[in-house]
Amino acid sequence: MSTTFTASPLSPAKSRPNEAIAKETPPPFPFSLLTKCTSLRQLQQLHALAIKSRLQHHPPLLTKLITSCPPSAMDYARRLFDQIPDPDVVLFNTLSRGYSRSDDPIQSVAVFARMLDAGVGPDDYSFPTLLKACASAKASEEGRQAHGAAVKLGFADNIYVLPTLISMYAECGELNVARALFARTDGRCVISYNSMITACVRSSRPSEALALFRELQAKGLEPTDVTMLSVLSSCALLGALELGKWIHEYVRKNGFGSFVKVNTALIDMYAKCGSLEDAIGVFGDMGSKDTQAWSAMIVAYAIHGHGSKAISLFEEMLKEGIKPDGITFLGVLYACSHSGKVEEGLGYFRTMRGRHGVIPGIKHYGCVVDLLARAGRLDEAFEFIDGLPMQPTPILWRTLLSACGGHGDVDLGKRAFERILELDDTHGGDYVIISNMCASDGRWEDVNRIRQLMSERGAVKVPGCSSIEVANTVHEFFSGDGKHPQSEAAHRMVDEVVERLKSVGYVPDTSRVFHVDMGEEEKEASLRYHSEKLAIAFGLINTPPGTTLRVVKNLRVCGDCHSMAKMVSMAFDREIVLRDLNRFHHFKDGLCSCGDFW
DNA sequence: CAAATAACCG
């Protein structure tokens, strides 16, 4: 698929008297091709042309060549750079920016140091570039040193530097430092607001982000497209559809409706707030659509369980001549694994590198593991992880572990669990899965060992929490607690629902209850008041008959709640849209859109 | 050439 550049026509007519003169005149250099350069090969072709055009020592051209270097070709960029005798600050910045986008961003720090050694002073863009590199490398120590240097050289309050400082600290997990820096700004600069709002989003604090947005509005500052991106992302995190719709209106009224990225964020927001129809609407209304917009729509179909739609959209995208990127493939692979299309998924995975020039990364491998494991091809998944060209992350083993849980393969599950232990990065959920597996297999000694291990390693079980938006207010319920003002009523409603469903054949599935030392009744009780059941019951009480219930849960939905929700959708004639940790379940007429494959 | 959406498992 890669395009090859052809040189401008430069062969002069052969038998002309002025042939000698024509040879003297170097061929013109095709500057317009520079920005279209996407691979090392194209870059080398351009460099060759530059030499033919006798421009190889021309600093602006070398700078442009370095700027055009794809992130994977930084060695080449470095060689070009080293040919320049006295690089100026712009050139140092260019090289530094190249590294900050590569997979070795920390190299920017060395470039910056070399610049200072060479006696070249930084300009307004040197620190932002350096700090961006520290942020993407999550190098907080280097980031702090860069901050120190910025203070020393008088750049710390620079309007270009301050927002980057804020986002660097946030990216390095130091939201408090970011907040403190933001507080020192006079709050008159939208860009600083943007970086602080984005910092909150990146640290999963959507409510704080929205509060800052309201503050910005109250001050009469004009939000930018970037503000809208972060605000929409906050709505997506919260799953707050009503608020999201309001922001959509705001976007339209304030002239952001034609921004491709804002529309892409709208697609994502609607998809994550459970309204696939609205996402489709935004996508359909977009005038021009880039790779990201198509990807967002593919992911939207995928998380709603519409695997075939996601795939046909991908094919349509290819027909339109839009180049897929790594994220497009994550969407496609995700769609396949969540709808059981194993062979299709593997097929797409194999075309990534050759046909589309997209190098698979660890997340793509993760999708393949999920693809195989979810479909029950557990041994293959295990071998696949072991044969990877890179060190697997705990996530890959966790994917396998969770699938082993679903398919009841205790022995393989234990092996996967051990790999997570070796990597010393266990989550509470890992212990829950393996312990439940051992429990349902009657391996009580193992269960006790696992629980002991869990407390030794200080892992904690994340409490289940579900929320439901009723009349523009988000109500939160935790499993079994009584904190919500209407908790009593919700509990009683659950009792009522359970009784009614039992009469139509519902049997509580207590086989996977975590606690071993419980009697059957206690187990049923702990299951009965799972947070999603409370939220659904609350919705049944507080909304008129027929209203769709939209519930967001912080963990994966459990099997018992899943089957109960199906029955509620039938017995109470309600649609229920339940957002899991990472996907949606649409319950209607006793069935779920996931087809019980999740 | 500052701020930046989309992202595998739980």
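These values consider heavy atoms only, across backbone and side chains, with no hydrogens, waters or symmetry-generated copies. Residue numbering restarts at 1 for every chain, and letters A, B, ... go by the order of the sequence lines. Just so we're clear, the structure is a prediction, and the values are computed from it rather than from any experiment.
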What contact category does [X] fall into here, base, sugar-phosphate, or nothing, at under 4.0 angstrom with non-hydrogen atoms?
{"X": "A:R97", "value": "base"}
{"X": "A:Y125", "value": "base"}
{"X": "A:L232", "value": "nothing"}
{"X": "A:D268", "value": "sugar-phosphate"}
{"X": "A:T164", "value": "sugar-phosphate"}

For a quick test of reading the model: is some side-chain N or O of [X] closer than 4.0 Å to OP1 or OP2 of [N]?
{"X": "A:K272", "N": "B:dA7", "result": "yes"}
{"X": "A:N582", "N": "B:dC9", "result": "yes"}
{"X": "A:N194", "N": "B:dA2", "result": "no"}
{"X": "A:S402", "N": "B:dG10", "result": "yes"}
{"X": "A:H338", "N": "B:dC9", "result": "yes"}
{"X": "A:R374", "N": "B:dC9", "result": "yes"}
{"X": "A:K132", "N": "B:dA3", "result": "yes"}

Give the nucleotide from the list [options] with an atom nearest to the side chain of [X].
{"X": "A:I159", "options": "B:dA7, B:dT5, B:dA2", "value": "B:dA2"}
{"X": "A:I395", "options": "B:dG10, B:dA4, B:dC9", "value": "B:dC9"}
{"X": "A:D370", "options": "B:dA3, B:dA6, B:dC8", "value": "B:dC8"}
{"X": "A:C367", "options": "B:dC8, B:dA4, B:dA3", "value": "B:dC8"}
{"X": "A:Y160", "options": "B:dT5, B:dA3, B:dA2", "value": "B:dA2"}

Are [X] and [Y] close enough that a side-chain donor and a side-chain acceptor fall under 3.5 Å?
{"X": "A:S96", "Y": "A:N93", "result": "no"}
{"X": "A:T67", "Y": "A:T94", "result": "no"}
{"X": "A:T426", "Y": "A:Y431", "result": "yes"}
{"X": "A:S192", "Y": "A:S195", "result": "no"}

Length of the [atom1]-[atom2] vector between [X] and [N], whole Å:
{"X": "A:R583", "N": "B:dG10", "atom1": "CZ", "atom2": "P", "answer": "11 Å"}
{"X": "A:R202", "N": "B:dT5", "atom1": "CZ", "atom2": "P", "answer": "6 Å"}
{"X": "A:L229", "N": "B:dA6", "atom1": "CG", "atom2": "C1'", "answer": "11 Å"}
{"X": "A:F182", "N": "B:dA2", "atom1": "CZ", "atom2": "C1'", "answer": "15 Å"}
{"X": "A:H248", "N": "B:dT5", "atom1": "NE2", "atom2": "P", "answer": "19 Å"}
{"X": "A:L212", "N": "B:dA3", "atom1": "CG", "atom2": "C1'", "answer": "14 Å"}
{"X": "A:L581", "N": "B:dG10", "atom1": "CG", "atom2": "C1'", "answer": "6 Å"}
{"X": "A:L555", "N": "B:dG10", "atom1": "CG", "atom2": "P", "answer": "11 Å"}

- Message: Check A:D409 with A:R415, please: is the shortest side-chain N to carboxylate O separation under 4.0 Å?
- Response: no

- Message: For A:F584 and A:H304, take the angle between the two ring planes, folded into 0 to 90°, and tell me which bin it lands in: parallel under 30, tilted 30 to 60, perpendicular over 60.
- Response: parallel

